[in-house]
Amino acid sequence: MTSEKTELKTTDPIESSGWKQLRDNVQILAIALILALGIRAFVAEPRYIPSVSMVPTLEVGDRIVVEKLSYHWRSPTTGDIIVFDPPAALQQYGYTKNQAFIKRVIATEGQFVRIHNGQLYLNDEPLQEEYIAEPPDYEWGPQQVPKDTVFVMGDNRNNSNDSHVWGFLPKTNIIGRAVGRFWPVNRIGFLDN
């Protein structure tokens, strides 16, 4: 009598096609999540406009893209629209570190700023500002922008909590530069910086 050994092949459930496909899908999702978080942390991120301080350029509810790379190679320039963490002066008024602000850079270190009779002057020259809601109804300066800071203002000059209220913004507080609006659909486009 010959004995036959019958070998049973066992199927490892991890190696079955259903489990393998699930594992592959989870890996793809994990990689996509890591990439998305990396891009948001270091390259670009979406932001929501919560106030009227940048009207007419940006309206409440607009969604924008903020790029975070360019200021590693160059400094902010007059006209750039930036998103930043509140400086210490604003944090003393109860704003938290995660309540980002958005304003336009008006002057950079070494430049002189003055607001007089509804006109903004940069280095004693009137700055032409087609983008503002209305001329400022206050006086400010003249003051020179200190080293490693910028002077920022909202385009809605008379309804903006900006540098004319709380002072100069340290460059280290800048998150990035607003480059485009992606919502609402009828106003999609690049922001003039």
Side-chain angles (χ1 to χ4, degrees), residues 40 43-87 89-90 93 95-96 98-109 111-123 125-141 143 145 149-193:
R40 183 179 175 115
V43 179
E45 70 178 63
R47 289 285 178 157
Y48 169 82
I49 304 301
S51 74
V52 297
S53 73
M54 286 298 291
V55 166
T57 306
L58 296 169
E59 297 179 7
V60 174
D62 283 0
R63 306 257 198 270
I64 61 169
V65 174
V66 177
E67 68 85 11
K68 300 178 174 185
L69 294 176
S70 64
Y71 293 146
H72 292 287
W73 296 283
R74 71 170 183 91
S75 292
T77 59
T78 299
D80 286 357
I81 299 172
I82 62 170
V83 173
F84 56 92
D85 293 323
L90 279 171
Y93 291 108
Y95 292 97
T96 63
N98 64 353
Q99 287 179 285
F101 278 58
I102 183 165
K103 304 291 179 209
R104 187 180 297 270
V105 175
I106 300 302
T108 59
E109 63 184 70
Q111 295 181 313
F112 286 87
V113 180
R114 179 180 178 211
I115 302 167
H116 179 66
N117 288 335
Q119 177 64 56
L120 177 66
Y121 294 89
L122 185 57
N123 295 327
E125 296 291 325
L127 189 62
Q128 299 306 311
E129 302 181 291
E130 300 81 28
Y131 45 78
I132 64 172
E134 60 188 6
D137 63 3
Y138 48 84
E139 300 286 314
W140 192 90
Q143 286 194 35
V145 180
T149 67
V150 292
F151 184 86
V152 296
M153 298 181 80
D155 290 353
N156 190 354
R157 294 287 190 256
N158 298 316
N159 196 0
S160 178
N161 188 1
D162 55 36
S163 286
H164 90 276
V165 175
W166 43 261
F168 301 100
L169 175 69
K171 285 190 208 178
T172 56
N173 286 52
I174 298 174
I175 295 169
R177 181 174 60 102
V179 293
R181 176 182 18 246
F182 65 91
W183 188 263
V185 174
N186 64 331
R187 296 177 20 149
I188 289 176
F190 292 105
L191 298 172
D192 294 330
N193 283 316

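Predicted model only: the values in this text are computed from it and were never measured. By convention here, the first residue in the shown sequence is residue 1.
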Kindly give the heavy-atom pair with the smallest separation between [X] and [Y], and that separation in Å.
{"X": "I115", "Y": "P136", "answer": "CG2-CG, 3.6 Å"}
{"X": "P86", "Y": "N173", "answer": "O-ND2, 3.3 Å"}
{"X": "V113", "Y": "A107", "answer": "CG2-CB, 3.3 Å"}
{"X": "W183", "Y": "G61", "answer": "CD1-O, 4.0 Å"}

Can you find a heavy atom in the side chain of [X] that is under 4.5 Å from one in the side chain of [Y]?
{"X": "Y93", "Y": "N161", "result": "no"}
{"X": "Q119", "Y": "P126", "result": "yes"}
{"X": "M153", "Y": "S160", "result": "no"}
{"X": "P50", "Y": "V60", "result": "no"}

* Asked: Does the pair L90 and F101 meet the rule for a side-chain contact (heavy atoms from CB on, under 4.5 Å), with working shown?
  -> CA-CA 10 Å; L90 279 171; F101 278 58; 3.7 Å; yes

Mind checking the [atom1]-[atom2] spacing from [X] to [Y]? Nearest 0.5 Å is all I need.
{"X": "L122", "Y": "Q128", "atom1": "CG", "atom2": "CD", "value": "12.0 Å"}
{"X": "L58", "Y": "N156", "atom1": "CG", "atom2": "CG", "value": "11.5 Å"}
{"X": "I64", "Y": "E45", "atom1": "CD1", "atom2": "CD", "value": "9.0 Å"}
{"X": "R157", "Y": "S53", "atom1": "CZ", "atom2": "OG", "value": "10.5 Å"}
{"X": "M54", "Y": "Y131", "atom1": "CE", "atom2": "OH", "value": "8.5 Å"}
{"X": "E129", "Y": "E134", "atom1": "CD", "atom2": "CD", "value": "12.5 Å"}

* Working for side-chain contact (heavy atoms from CB on, under 4.5 Å), residues I102 and R47 -> CA-CA 10 Å; I102 183 165; R47 289 285 178 157; over 6 Å; no

* Asked: Does atom OH of Y121 have more than 12 heavy-atom neighbours from other groups under 6.0 Å away?
  ->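 Yes.
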
Is a side-chain donor or acceptor of [X] paired with a backbone partner of [Y] at a separation under 3.5 angstrom?
{"X": "D155", "Y": "A133", "result": "no"}
{"X": "E139", "Y": "N117", "result": "yes"}
{"X": "N123", "Y": "F112", "result": "yes"}

* When D80 is tested against each of R104, K103, R177, R74 for salt bridge (charged side-chain N to carboxylate O under 4.0 Å, His left out), which residue passes? ->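 One option only clears the test, and that one is R74.
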
* Report the C-alpha separation of L169 and V105 in whole Å, then their side-chain angles, then the decisive distance to 0.1 Å, and conclude whether the side-chain contact (heavy atoms from CB on, under 4.5 Å) test is met. => CA-CA 10 Å; L169 175 69; V105 175; over 6 Å; no

* **Mutual orientation of the aromatic rings belonging to F151 and W140 [parallel < 30°, tilted 30-60°, perpendicular > 60°]** =>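 If you compare the ring of F151 with that of W140, the planes turn out tilted.
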
* Determine the interplanar angle of the W166 and F84 rings, folded into 0 to 90°, and report it as parallel if under 30°, tilted if 30 to 60°, perpendicular if over 60°. =>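 Ring orientation of W166 relative to F84: tilted.
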
* **Residues D62, R181: salt bridge by 4.0 Å N-O rule** =>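 Counted as a salt bridge, because a side-chain N and a carboxylate O are separated by less than 4.0 Å.
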
* **Qualifying residue, where the test is side chain to side chain contact (heavy atoms under 4.5 Å, CB included) with I106 and the options are L127, D162, T78, V150** =>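 Running side chain to side chain contact (heavy atoms under 4.5 Å, CB included) over L127, D162, T78, V150 with I106 returns exactly one hit, L127.
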
